[in-house]
Amino acid sequence: MEKAFIESQKKRLEELKEKLEKQLKSFAKKDEEVKDNWKSKFPLFDVAESGSSQLEIAQDEVEEYLSRLPLEHVLELRLRDINSALERIGINRYGRCEECKAEIPRERLNIHPEAKICLNCQKRSRE
């Protein structure tokens, strides 16, 4: 694979990484102990109410927290794959299928720059 294409992909991956980290930082904090893991922050709404209103607000906080967890997971996985692709660029293995070692077509990398396996191997893994 030519150097210019790999450099353009590296730039795209770094931009995607920055966007994902920005999204995650808006509601989660990076886990210092576990690589590629983030922890959703528990939302604390401004409460000046008391009684049943306070219970409703607490319920809203829990619901908000629970709704963030699936999004956090999806973003973490994508970020992990992007970091992995950047590492493969650094060791000259970007664009090669991790299963069969064939070159991943540019069309696939243009659509999914963090791809680590070719479509044939992906299909086989689903069967």
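Side chains included, hydrogens not; waters and symmetry mates left out as well; all remaining heavy atoms used. Here the structure is a predicted model, which is why all the values come from computation and not from measurement.
- When atom types are taken as modelled, the side chain of R88 and the backbone of E114 share a donor-acceptor pair closer than 3.5 angstrom.
- By the 4.5 Å heavy-atom criterion applied to side chains, K17 and E21 are counted as neighbours.
- Rounding to the nearest 0.5 Å places SG of C118 at 9.5 Å from NZ of K123.
- Cluster annotation: F5 and L86 are assigned to the same hydrophobic cluster (Ile/Leu/Val/Met/Phe/Trp/Tyr, side-chain heavy-atom contacts under 4.5 Å, transitive).
- Heavy-atom minimum distance, G95 versus L109: CA-CD1, 3.9 Å.
- Between E2 and R106 a salt bridge is recorded (basic side-chain N to carboxylate O distance below 4.0 Å).
- Between atom CD of residue E15 and atom CD1 of residue I82 there is a gap of 11.0 Å, rounded to the nearest 0.5 Å.
- The closest side-chain donor-acceptor pair between Q23 and R78, if any, does not fall under 3.5 angstrom.
- Summarising the geometry, atom CG belonging to L66 is positioned 9.5 Å from atom OG belonging to S40; distances are rounded to the nearest 0.5 Å.
- With sequence neighbours excluded, the residues forming a ring-ring contact (aromatic ring centres under 6.0 Å, His included) with Y65 are F42, listed by chain and number.
- No more than 12 heavy atoms of other residues, nucleotides or ligands shown are found within 6.0 angstrom of NZ on K29.
- R108 places a side-chain N or O within 3.5 Å of a backbone atom of I117 that can act as its donor or acceptor partner.
- Rounding to the nearest 0.5 Å gives a distance of 7.5 Å between OG of S26 and CG of L24.
- Salt-bridge check for E64 with R68: passed, with a basic side-chain N closer than 4.0 Å to an acidic carboxylate O.
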Please output the side-chain donor-acceptor pairs of residues 96-105 that fall under 3.5 Å, not counting sequence neighbours, one pair per line with the distance.
unit_1 : atom_1 : unit_2 : atom_2 : d
R96    : NH1    : K101   : O      : 3.1
K101   : NZ     : E98    : O      : 3.1

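- Taken from CD in E14 to NZ in K10, the straight-line distance is 5.5 Å, to the nearest 0.5 Å.
- In this structure, W38 and L75 have side chains that are not in contact, with every pair of non-hydrogen atoms separated by 4.5 Å or more.
- Atom CD of E18 is surrounded by 12 or fewer heavy atoms from other residues, nucleotides or ligands within 6.0 Å.
- Expressed to the nearest 0.5 Å, how far OG of S84 lies from CG of L79 amounts to 11.0 Å.
- Using a 4.5 Å cut-off on side-chain heavy atoms (C-beta onward), E76 and L20 make no contact.
- Closest of all the heavy-atom pairs between L16 and P113 is CD1-CG, 3.9 Å.
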Could you walk me through whether R126 and Q122 pass the side chain to side chain contact (heavy atoms under 4.5 Å, CB included) test, one step at a time? CA-CA 7 Å; R126 289 183 180 169; Q122 184 174 342; 2.7 Å; yes
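- Counting only residues at least two apart or in different chains, ring pair (Phe, Tyr, Trp, His ring centres under 6.0 Å) contacts with residues 94-116 are absent.
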